[in-house]
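Heads up, the thing below is written out as structure tokens.
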2 protein chains.
Amino acid sequence: MWGHMSETLVDQFVETWGVMGNSWGVNNSVARVHGLLIITDRPWCIDELVERLQISKSNVSTSLKELRSWNVVRKVFLPGDRREFYTCEPDAWEMLFNIMRQRKQREFDPILASISSTCEQARQCPAGIAVERLGQMKQMLDTFDKLAGIAFKSETQIKALVSLLPKKK
Amino acid sequence: MWGHMSETLVDQFVETWGVMGNSWGVNNSVARVHGLLIITDRPWCIDELVERLQISKSNVSTSLKELRSWNVVRKVFLPGDRREFYTCEPDAWEMLFNIMRQRKQREFDPILASISSTCEQARQCPAGIAVERLGQMKQMLDTFDKLAGIAFKSETQIKALVSLLPKKK
DNA sequence: TTTTATGTTCTGAACATACAGAACATTTGA
DNA sequence: TCAAATGTTCTGTATGTTCAGAACATAAAA
């Protein structure tokens with residue numbers, strides 16, 4: 001009806017996306033819902049997702065909430081239908097950048113702040129291995145921070161650059 | 001005895017490193033052992049770690065095994081001591097690259113293989129949204145694979161490049 | 001050999017996470 | 001109003017993870 005790929009192949013992709021989520025600390029259901037939205041690229045409502053993925057409505061509901069908080073999924077309304085439909089960011093790279101931005105903000109920035117604070121306190125200590133190592137770590141995190149800043153600011157250029165890489169292996 | 005930084009600051013760093021591990025799917029004990037080895041930069045034996053971190057010997061033992069499997073910690077023998085000591089990779093960037101290499105191999109490569117296989121099977125299907133999206137995903141993962149290959153091969157240059165970035169915020 | 005020092009693996013209890021179903025809330029149409 | 005449709009949040013159970021202590025293994029010293 002919406003695509004021409006067999007159900008089995010869609011399942012295969014959804015399954016793989018779920019496994020990938022696991023590696024990255026994303027709940028399996030969340031990742032599978034996301035995978036299905038990605039591969040089918042059309043709006044789904046909750047009950048359809050329940051039926052297709054065979055998971056509970058509450059699970060689908062919370063998974064969608066999570067996905068929206070990562071800015072990779074959004075609500076859409078279909079004319080003449082009062083149900084809420086969900087669809088994912090259509091551009092794969094844009095999706096990736098959204099996720100990276102969020103993760104940096106939630107998981108990296110607080111760590112950098114914490115290390116910086118420890119580093120600051122350590123300035124009163126006499127020099128030594130520990131102080132030196134702490135500085136090294138902070139410097140590495142700072143570099144990461146800077147690189148991320150550059151990448152997120154020049155997103156369009158990065159995507160253009162990436163598209164210039166040879167396509168075929 | 002080994003450094004001049006206060007115990008409290010070491011604890012602070014170890015704690016932060018543990019939290020950071022959590023974000024990245026690394027067990028808290030594993031990350032804390034690693035954090036302590038990083039910040040003190042000297043060989044520790046199991047019983048010392050038990051005493052310092054107040055966790056069980058079995059926990060320390062398995063944590064060290066895990067860290068060795070990531071190539072970020074290695075055994076060393078001190079002359080006249082039959083205990084096994086453990087120390088971490090001294091270069092922060094080298095450490096990061098080791099971890100990235102391992103994670104790519106364990107968590108990314110199998111996903112890429114799986115998606116590629118699905119993609120291959122989909123070539124017999126008539127064109128459609130799903131097939132197109134699948135191709136997009138594969139292309140993105142391929143690009144990542146290529147970039148990682150380049151980065152790991154030119155590790156030294158990357159490190160040099162990174163060191164050229166302005167140091168202060 | 002036996003004992004002691006050192007490390008690893010096994011086991012069960014405590015803790016955390018995932019998730020279905022129930023209960024609740026809200027909106028729309030009768 | 002009330003009933004039906006749609007979504008969200010709560011609650012208890014099942015499943016998975018973490019980790020201390022016990023049991024086991026190995027090697028050095030006595």
Side-chain angles (χ1 to χ4, degrees), chain A residues 14-15 17-37 42-70 73-88 106-107, chain B residues 14-15 17-37 42-70 73-88 106-107:
Chain A
V14 168
E15 172 65 19
W17 209 252
V19 171
M20 182 167 212
N22 279 350
S23 317
W24 292 93
V26 177
N27 172 288
N28 194 261
S29 304
V30 173
R32 288 177 64 222
V33 169
H34 189 209
L36 188 61
L37 294 182
R42 60 113 165 161
W44 288 74
C45 72
I46 290 188
D47 281 333
E48 288 171 337
L49 291 168
V50 166
E51 178 62 24
R52 182 66 178 81
L53 296 174
Q54 292 289 301
I55 60 183
S56 74
K57 197 160 65 124
S58 60
N59 199 0
V60 170
S61 176
T62 49
S63 293
L64 286 169
K65 188 177 177 182
E66 175 87 4
L67 287 168
R68 267 177 296 154
S69 85
W70 291 97
V73 153
R74 64 193 170 80
K75 272 189 202 179
V76 289
F77 291 95
L78 301 189
D81 197 321
R82 84 182 167 85
R83 289 172 299 179
E84 293 165 349
F85 286 77
Y86 294 87
T87 190
C88 74
R106 295 184 196 185
E107 292 159 5
Chain B
V14 168
E15 172 65 17
W17 208 250
V19 171
M20 181 166 214
N22 279 351
S23 318
W24 293 92
V26 177
N27 174 286
N28 194 261
S29 304
V30 172
R32 289 177 64 222
V33 169
H34 189 207
L36 188 61
L37 294 182
R42 60 115 166 159
W44 288 74
C45 73
I46 290 188
D47 282 332
E48 287 171 337
L49 291 167
V50 167
E51 177 61 23
R52 183 66 178 80
L53 296 174
Q54 292 288 303
I55 59 183
S56 74
K57 195 161 67 125
S58 60
N59 199 359
V60 170
S61 175
T62 49
S63 294
L64 286 170
K65 189 178 176 182
E66 175 86 5
L67 287 168
R68 267 177 295 154
S69 84
W70 291 97
V73 153
R74 64 193 169 78
K75 271 188 204 182
V76 288
F77 291 95
L78 301 189
D81 198 322
R82 81 184 170 83
R83 289 173 300 179
E84 295 164 349
F85 286 77
Y86 294 88
T87 189
C88 74
R106 295 186 196 184
E107 291 160 5

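Per chain, numbering begins at 1; letters A, B, ... match sequence-line order. Just so you know, these numbers come straight off a predicted model, no measurement behind them.
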Just the rounded figure in Å: distance from C1' of D/dT26 to CZ of B/Arg83.
17 Å
Whole angstrom is fine here: how far is it from NZ in B/Lys65 over to C1' in D/dC19?
16 Å
Whole-Å distance, B/Glu48 CD to C/dA5 C1', equals 15 Å
Could you pull out every donor-acceptor pair under 3.5 Å between side chains of residues 26-35 of chain A and any protein atom, sequence neighbours left out?
| from | atom 1 | to | atom 2 | distance (Å) |
| --- | --- | --- | --- | --- |
| A/Asn27 | OD1 | A/Ser29 | N | 2.7 |
| A/Asn27 | OD1 | A/Val30 | N | 3.2 |
| A/Ser29 | OG | A/Asn59 | ND2 | 3.0 |
| A/His34 | ND1 | A/Trp17 | NE1 | 3.3 |

Expressed as a whole number of angstroms, how long is the span from B/Leu64:CG to D/dC19:C1'?
15 Å
Which heavy atom of A/Lys75 sits nearest a heavy atom of A/Glu84, and at what distance?
NZ-OE2, 3.3 Å
Nearest-angstrom distance from the residue atom CG of B/Asp47 to P of C/dA5:
11 Å
Measure from CG on A/Asn22 to C1' on D/dG16 and round the result to the nearest Å.
12 Å
Reading nucleotides 12-30 of chain C from the 5' end, what letters show protein touch, with B for base, S for backbone sugar-phosphate only, - for no heavy atom under 4.0 Å?
------SSBB-----BS--
State, to 0.1 Å, how close B/Leu78 and B/Pro43 come at their nearest heavy-atom pair, and which atoms those are.
CD2-CG, 4.2 Å
Indicate the atoms forming the closest heavy-atom contact of B/Arg68 with B/Arg74, along with that distance.
CG-CA, 4.3 Å
Taking all atoms of both residues into account, what is the closest heavy-atom pair of A/Val76 and A/Tyr86, and its distance?
CG2-N, 4.4 Å
To the nearest 0.5 Å, what is the distance between OG (B/Ser63) and CD1 (B/Ile55)?
5.5 Å
Given atom CD of B/Glu51 and atom P of D/dA20, what is their separation to the nearest angstrom?
14 Å
Figure out the CZ/P separation between B/Phe77 and C/dT6, and round it to whole Å.
13 Å
